[in-house]
A.B. asks: 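One structure, pasted below without further comment.
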Amino acid sequence: MTVDILIPTYCRPTALAVTLTSLIAQTYRDFRVVISDQTEDSNPVESGEVQAVLRVLQSHGHVVDVYKNLPRRGIAQQRQFLLEQAKATYALFLDDDLILEPFVVEKMLVALQEENCGFVGSAVIGLSFINDIRPHEQKIEFWDGSVQPEVVKPDTPQWERWRLHNAANLYHIQKDLGLTPNRQRKYRVAWVGACVMYDTEKLRSIGGYSFWQQLPSEHCGEDVLVQLRLMELYGGCGIIPSGVYHQELPTTIIDRSCPANKYVVSG
């Protein structure tokens, strides 16, 4: 398999089923699915809706591996656990509450292979904000040449790129510019959440998420930290159109007062 799709999940059988359903019609087919569940008192992956989708994926020739990863020790440990299961050249970390257009996996893979960078992200769009147009948050910096390493730090102009991923900003930009899956652009990011494809060996070369042991169990921003490290060494980018939509459910990471980059000082 060229791509391992790594999905952390917790207490979301229906959302997980929707996410998995959007993998069935992907134009790129050479992927394995790995699910790590941290639900303590039930088994969402064994629910009827999830099992039905898994049977379809398996009938299409996809290998599906499911793990129970307990006790819960935070999302960074969950991601590190998934990375340790990865066997493919590329690892697509996918949150359990998304909807993907059929072109997403293929376009992410092509972009990552073209640039040979650390990661490519397809930022999520919240279509409940389709009528909430925010020109002040829609500044986008395209990569006109090849993606290069860059240093992005808090409290710098580059850090403000995160606003681009708010609400439905990407949707409005792609419509205004007439961008399509066959007319896609790469752009500079601060970081990308929820749907990010990594070069597996590059991610491992920076230690992956092994810093999880330095964090309190309730934390956030683990993906920000690894992407900042990867950008500094290898570069990273986002692609537009992203083709990824958020189901807009309540977060399962409620306490966001402990961002990883504030706790982990060195690599």
Side-chain angles (χ1 to χ4, degrees), residues 2-3 5-6 22 26-28 30-31 88-95 98-126 134-135 137-153 156-203 205-206 223-246:
T2 307
V3 177
I5 299 181
L6 310 177
S22 66
Q26 290 298 306
T27 55
Y28 187 81
D30 188 25
F31 63 81
T89 305
Y90 303 101
L92 172 55
F93 276 89
L94 198 65
D95 282 5
L98 306 179
I99 302 170
L100 278 63
E101 301 255 24
F103 63 81
V104 170
V105 175
E106 179 180 0
K107 294 299 182 180
M108 295 183 80
L109 178 61
V110 169
L112 191 50
Q113 290 176 330
E114 285 176 346
E115 300 299 335
N116 194 30
C117 55
F119 69 90
V120 168
S122 287
V124 299
I125 295 168
R134 307 179 181 186
E137 292 186 343
Q138 293 180 12
K139 179 184 177 182
I140 188 166
E141 304 169 64
F142 290 114
W143 284 101
D144 293 321
S146 61
V147 173
Q148 298 295 320
E150 61 175 337
V151 176
V152 176
K153 294 182 178 180
T156 65
Q158 292 82 7
W159 193 256
E160 292 302 302
R161 297 170 184 165
W162 68 269
R163 299 182 188 278
L164 186 64
H165 297 157
N166 283 344
N169 288 336
L170 283 185
Y171 177 84
H172 296 135
I173 292 169
Q174 72 192 39
K175 290 296 185 183
D176 288 345
L177 298 180
L179 299 176
T180 67
N182 293 323
R183 187 172 172 263
Q184 195 171 59
R185 299 289 303 274
K186 302 170 184 124
Y187 65 95
R188 297 174 186 260
V189 298
W191 71 85
V192 186
C195 181
V196 184
M197 185 179 290
Y198 296 92
D199 180 304
T200 306
E201 288 309 310
K202 288 183 172 66
L203 180 54
S205 77
I206 61 154
D223 45 358
V224 176
L225 182 53
V226 299
Q227 288 172 35
L228 295 180
R229 290 176 170 179
L230 285 166
M231 277 196 289
E232 186 170 354
L233 290 176
Y234 306 110
C237 69
I239 52 176
I240 180 172
S242 78
V244 182
Y245 307 95
H246 197 233

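As the structure is a prediction and not an experimental result, all values here were calculated from the model.
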A.B. asks: Is a donor on one side and an acceptor on the other found under 3.5 Å between the side chain of Asp223 and the backbone of Trp191?
C.D. replies: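 Side chain of Asp223 to backbone of Trp191: no pair is present.
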A.B. asks: Taking the side chain as C-beta and beyond, is there a heavy-atom pair between Glu232 and Ile206 under 4.5 Å?
C.D. replies: no
A.B. asks: Say whether, by atom type as modelled, one donor and one acceptor occur between the side chain of Thr89 and the main chain of Thr2 under 3.5 angstrom.
C.D. replies: no
A.B. asks: Taking side chain as C-beta onward, heavy atoms only, is Leu164 less than 4.5 Å from Leu170?
C.D. replies: yes
A.B. asks: Given 3.5 Å as the limit, does a donor-acceptor pair link the side chain of Gln184 with the main chain of Pro241, or not?
C.D. replies: yes
A.B. asks: Rounded to the nearest 0.5 Å, what's the gap from OG on Ser205 to CG on Leu230? Could you check?
C.D. replies: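 The CG atom of Leu230 is 6.5 Å from OG of Ser205, to the nearest 0.5 Å.
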A.B. asks: Quick one, Ile173 with Tyr187, criterion side chain to side chain contact (heavy atoms under 4.5 Å, CB included). Give me CA distance, side-chain angles, the key distance, then yes/no.
C.D. replies: CA-CA 12 Å; Ile173 292 169; Tyr187 65 95; over 6 Å; no
A.B. asks: Where is the tightest heavy-atom contact between Leu98 and Leu100, given as atom of each residue plus distance?
C.D. replies: CB-CD1, 4.0 Å
A.B. asks: Distance from Asn169 atom CG to Arg134 atom CZ, nearest 0.5 Å?
C.D. replies: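 Atom-to-atom, Asn169:CG and Arg134:CZ are 6.0 Å apart.
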A.B. asks: At what distance, to the nearest 0.5 angstrom, does CG of Leu233 lie from CD of Glu150?
C.D. replies: 12.5 Å
A.B. asks: Is there a donor-acceptor pair closer than 3.5 Å between any side-chain N or O of Glu106 and the backbone N or O of Thr27?
C.D. replies: no
A.B. asks: Write down the atom of Ile240, the atom of Leu179, and the distance for their closest heavy-atom approach.
C.D. replies: CG2-CD1, 3.8 Å
A.B. asks: When rounded to the nearest 0.5 angstrom, what distance separates CD in Glu114 from NZ in Lys186?
C.D. replies: 4.0 Å
A.B. asks: If the condition is side chain to side chain contact (heavy atoms under 4.5 Å, CB included), which residues does Glu101 pass it with, not counting sequence neighbours?
C.D. replies: Phe103, Val104, Tyr245
A.B. asks: Between Ala168 and Gly126, which heavy-atom pair has the shortest distance, and what is it?
C.D. replies: CB-O, 3.6 Å
A.B. asks: Could you tell me if the side chain of Tyr90 sits less than 4.5 Å from the side chain of Gln113, heavy atoms only?
C.D. replies: yes
A.B. asks: Identify whether the distance between the nearest side-chain nitrogen and carboxylate oxygen of Lys202 and Glu115 falls below 4.0 Å.
C.D. replies: no
A.B. asks: Would you mind reporting whether Asp199 and Glu201 have side-chain heavy atoms less than 4.5 Å apart?
C.D. replies: yes
A.B. asks: Does Arg183 use its side chain to pair, donor to acceptor, with the backbone of Gly178 at less than 3.5 Å?
C.D. replies: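 Yes, because the side chain of Arg183 sits within donor-acceptor range (under 3.5 Å) of the backbone of Gly178.
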A.B. asks: For Leu94 and Cys195, which heavy atoms make the closest approach, and how far apart are they?
C.D. replies: CD1-SG, 3.7 Å
A.B. asks: Nearest 0.5 Å, please: how far is CG in Asn182 from NZ in Lys107?
C.D. replies: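 Reported value, rounded in 0.5 Å steps: 5.0 Å.
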A.B. asks: Do Phe31 and Leu109 have side chains that approach each other closer than 4.5 Å (heavy atoms only, starting at C-beta)?
C.D. replies: no
A.B. asks: For the pair Glu160 and Lys139, find out whether any cationic side-chain nitrogen is under 4.0 Å from an anionic carboxylate oxygen.
C.D. replies: no
A.B. asks: Given side chains that start at C-beta, do those of Phe93 and Leu203 come closer than 4.5 Å, heavy atoms only?
C.D. replies: yes
A.B. asks: With the side chain counted from C-beta on, respond yes when Val151 and Met231 share a heavy-atom pair under 4.5 Å apart, and no when they do not.
C.D. replies: no
A.B. asks: For Val124, does its backbone N or O pair with a side-chain atom of Ser242 as donor and acceptor, under 3.5 Å?
C.D. replies: no
A.B. asks: For the residue pair Tyr198 and Phe119, categorise the inter-ring angle as parallel (less than 30°), tilted (30 to 60°) or perpendicular (more than 60°).
C.D. replies: tilted
A.B. asks: First locate atom CG of Asn166, then atom CD of Glu137, and finally report the distance between them rounded to the nearest 0.5 Å.
C.D. replies: 4.5 Å
A.B. asks: Looking at Met108 and Val120, what are the two nearest heavy atoms and their distance?
C.D. replies: CE-O, 3.1 Å
A.B. asks: Within 45° of the ring axis of Trp143 and under 6.0 Å from its six-membered ring centre, is that where the NZ or CZ of Arg185 lies?
C.D. replies: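 That pair does not qualify as a cation-pi contact.
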A.B. asks: Does a side-chain heavy-atom distance below 4.5 Å link Arg188 with Gln158?
C.D. replies: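 Contact flag for Arg188/Gln158 side chains = no.
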A.B. asks: For Ala190 and Trp162, which heavy atoms make the closest approach, and how far apart are they?
C.D. replies: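 Taking Ala190 first and Trp162 second, the nearest heavy atoms are CB-N, 4.0 Å.
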